[in-house]
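Here's the structure, in C-alpha cells; my notes come after.
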Amino acid sequence: MKKSCIAMLLAGGQGSRLYALTQKVAKPSMPFGGKYRIIDFPLSNCANSGIDTVGVLTQYRPLQLNSYIGSGQAWDMDTSDGGVFILPPYQSAGEKGSWFSGTANAIYQNMSFIEMYQPQNVLILSGDHIYKMNYDLMLREHIKKGAACTISVLQVSMEEATRFGIMNVGDDGYISEFEEKPKAPKSDLASMGIYIFNWEKLRRYLIEDEADPASDKDFGKNIIPKMLANGEKLWPYRFEGYWRDVGTITSLWDANMDMLSTTLINLFDASWPIMSSWPPCPPHYIGSSAQVVHSIVTEGCVIEGRVENSVLSNSAVIKSGASVLYSVLMPGAVVEEGATVEYAILGENAVVRAGAHVGAPPDGTDAWGVATCGPDTVIRSGAQVPAGAMIYESGEV
Amino acid sequence: MADFHGIIFAYSSAPEMGELVRTRTSSSLPFCGRYRLIDFALSSMQNAGIRDVGVIMQRDYQSLLDHLGSGKDWDMSRRRGGLRMLPPFGLPEYHTGEYIGTIEALNAVSTYIHDIPQKHVVIMRGSLAANLDLDAAIQQHLSSGAELTAVCAPGAPSETHHRFVPDADGFSSKMLFTRTGGGEGVASLEVYIISKTLLLNMMDSCAAENKRHFHRDAIAGYLQQGGRIGIYMHDGYSAAITTVADYFRANMDMLRADKRAAMFPPSRPVRTKNHEEVSTYYGEAACACNSLVADGCIIEGTVNNSILFSDVRVAPGAVLDGCIVMRGGVIGENAQLKNVIADKYTELSPYITLTGSPRLPIVVPKSSKI
C-alpha cells in the first residue's frame, strides 16, 4: 500500500520536567484542557489533515497511552489500510535490541514499519505540543518546493529566540543555517519540532547517522545539520497560530490557562475538532451553593464550591466551601470541604482533604511557582502546600 | 450472559408527548443532558453481559438509527450477533398501521425471535428511565426456576401501569390490570425475563386468536392456565415517561443527588453515543446553580435548576430557571425562561420571556426560532 505521507509521533520521552505528573505516565497521555490528553492534538490534526496512518513511538511508561489510543477509533483511524500503531522498541533475531537512544534512532529502529507503506514523505511529530495545524498544507508546500525536508517554523520574539532551535533563511527562502538556542539569534524563526522528510532521503541519512558513533541520533542536533552540510533543500513552513510546548510545570499550567481564552485557540471550531476518548460520564452537576466563573468544566464533575479561572477535567469534585482558583484539576481530583487550591495543578485522582491549602498567588519573587500534587496524592486535612511545591504520591503531606 | 437475548420495544410514541415525539419515538427522547432514553435499556443489558439485542422499531425511527449506529457504544457491534435493528418487514397480515400491542410487534418480527440462539429473552421498553441490575434479576430468575420473571418496583406510579400481587413465596399468580397510583401489589416496570419457548408459545397462541397485547392477552392467559410469575424488585430509580409532565419531572429528578446516584451507580455505567465535544466554558458573568450541564456549552448568563444538553449557548443576561435545553439550543441575551423545554437546535431570541409551569412546561419544537 503506497502512501503519500504517513506520520511518526514521538511519544517516548518521559517528560522528566513534569516531575510527579509523569512518574507513572508518559507526557503525551497527560490530561490537558479539560477534555483532552496532550496526544489528542497531534492525532486529531492528523485525522483532520487526511493522514490516516500514524506510528506512535513509545518507550517510557506506555501502558496508559496504549490503552488510551486503543484501535484509534476515537480519531477515526481504525481504517482497513491505515491506523494508529503503537511502536515500542523491539528485538530482532540475533540482535540484543536496545532502547531508542534519540529521536532519529527511534525512527531508524522502525524503518521496517515505514517501509510497509512505501510513503513518499514522512511527517515527524512530537507528543507534547498544543496546537491546531493542517499538515496537508505543509505537505503541499513541501512537495511544491521540492524540499528534502520541510520544517515547520513559528515567528517568535528575538528574546524568545534564544530558547529555541532557530532557522536562518537564505535569499532563496530555503533554510541556510540551523542554530540550537543561539545566544545572538540571526532570525526569529523557531523550529516547532515538526518535520516532513522525503522518505528516500531521510532513510539514507538515518542509516548514515546510525553508523556515526559521535552522533546523538537526534533530528535537531544531527540529521538537520548533516542535511544542511550536504546542500539538501530545506524549506521553512511558516505556521501562524497558537502553538505551545508543554514540557514544564509552568508551561503546562500556562497553556491550560490559555484554554480559558476564546481568542488564543478556538476549541469550539467544528471544522477542526480535537477528538478525545473518554468513557462517557453524566453531565457535570453545579450545586446550589456553587459559584463557577471563567472556567472550563467537564462532564462527571460535581461542584458545590467556588471555581474561578480554572480548568477541570472530567469527574473532578469540589465540595462545599472549597475554593479552586487559577488551577488545573485532572480527572477525578477531589477538593474537600473548606479546602483552597490556588495556582496549582492536581494530578489524576489527587485528593485535597478538608481545610487544606495548596499553592499561593504570585508574590513577585523568583521562588514562586505553581504548586503541583501528583496523581493519587492525598493532602492531609489542614495541611499547607506552599507555592512551587512538588508533591509525589509516596509522600502524604 | 451468553444465554440471554435482549429485545427492546422502541416502536411507540406516547401521543401525550406531543411535539417532543413528532420527529422521534419515546425511546429516542433526549434525557438528563446527555442521553437518549434507550441508553438506559441498552446499558442495563450491556452491564448484565447481554450482547445480542434486537430493537423493534416501526416508524419515525431515523433518530433512533442515527443514535444506535452499529451498536459499538454498547459493545454490541459484534461479528456474531450484536445489535440488530428490527423495522417492520411488511408481512401483509401485520401491515395494519401502528403496532397495537407488544405481541403484535413481536409477531411482526417472529422469524427473528424464532432464530434467537439463546434460551432466555429479556424484553423491555426502550422508554423506561431506569438503570436496572439485570444481572441480579437474571440470577434470581435462574435460581428460582421461573419461566417468567417480572421486574417490579415498589411505590405507586401515578401513570397507568399493571401490578402484580406476590404470594408468600415471592411468585405472583395475580395481575391487577391498568391501575394508577398505589394499592395492592407491586408495579410492573414491564421488563420481563422469559424463556424463549414460553415467549414463542405466547406469540403463537395470541396470533391464532388474533390477540395482540402482552399483558391483557399473553400474561393474563399464562396466569389463567396456572402459570406463576417470579417477581424481582428493582429498588433504584425508575420513571415511565408517557406525558410531557412525566418527562419534565423525571429530568428534574436527576438534579437530586440521591436519585442521580441511583441512576448512575459507578458499577453500572450508562453508555451513549459519543459526540465530539469540548469542555463547557463558564464566562466571567456566568452564574449557575443546581443544574446539570453537558460538555460543549458556553454559559455567560444565569442557569438555575436546569438541564443543559451539549452545545448550548446561554448569552449574557439570559436567565434560565427550571428549563431543559436540548443539544444546540441558543438562548439569546436577556431572555427569561422558566419551565421551558427547548428541543434540539432551537433559537430563542434576545429579551424573550417564556413562562411555563412544572405541570405544563412550554415546549419549543425542534429547530424552531422564537
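Here is how names work: the chains are called A, B, and so on, in the same order as the sequence lines, proteins then strands, and each is numbered from 1. Given the structure is predicted, the values throughout are model-derived calculations rather than measurements.
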query: For A:R244, does the CZ atom have more than 12 heavy-atom neighbours from other residues, nucleotides or ligands under 6.0 Å away?
result: yes
message: Quick one: does any side-chain atom of B:R271 pair with a main-chain N or O of A:P280 as donor and acceptor, under 3.5 Å?
response: no
statement: Whatever's closer than 4.5 Å to a heavy atom in chain A on B:L255 counts as both
field: chain B contact residues among residues 322-348 of chain A, heavy-atom distance under 4.5 Å
entry: none
message: Are more than 12 heavy atoms, taken from residues, nucleotides or ligands other than A:L264, located less than 6.0 Å from that residue's CG atom?
response: yes
- prompt: Which members of residues 282-321 of chain A, sorted by number, sit under 4.5 angstrom from chain B on a heavy-atom basis?
  reply: A:P282, A:P283, A:H284, A:Y285, A:I286, A:G287, A:S288, A:A290, A:V292, A:V293, A:H294, A:S295, A:I296, A:V297, A:T298, A:E299
message: Looking at every heavy atom in both A:F268 and B:R313, which two are closest together, and how far apart are they?
response: CD2-NH2, 3.7 Å
query: With only heavy atoms counted, which part of B:V278 is less than 4.5 Å from chain A, the side chain, the backbone, both or neither?
result: both
- prompt: What salt bridge (Lys or Arg N to Asp or Glu O under 4.0 Å) pairs are there with at least one residue in residues 283-310 of chain B, not counting sequence neighbours?
  reply: A:K35-B:D295
message: For residues 315-344 of chain B, give me every residue with a non-hydrogen atom less than 4.5 Å from any non-hydrogen atom of chain A.
response: none
message: Is B:Y281 close to chain A through its backbone or its side chain, or both, or neither, when contacts mean heavy atoms under 4.5 Å?
response: both
query: Pick from B:S310, B:S291, B:A285, B:C287: which one has the most heavy-atom pairs with chain A under 4.5 Å?
result: B:S291
task: Look at atom CG of B:D258 and say whether more than 12 heavy atoms of other residues, nucleotides or ligands are closer to it than 6.0 Å.
output: yes
- line: Given B:M263, B:M254, B:E277, the one with more heavy-atom pairs under 4.5 angstrom with chain A than any other is B:E277
field: Interface moiety of B:F309 toward chain A, non-hydrogen atoms closer than 4.5 Å
entry: neither
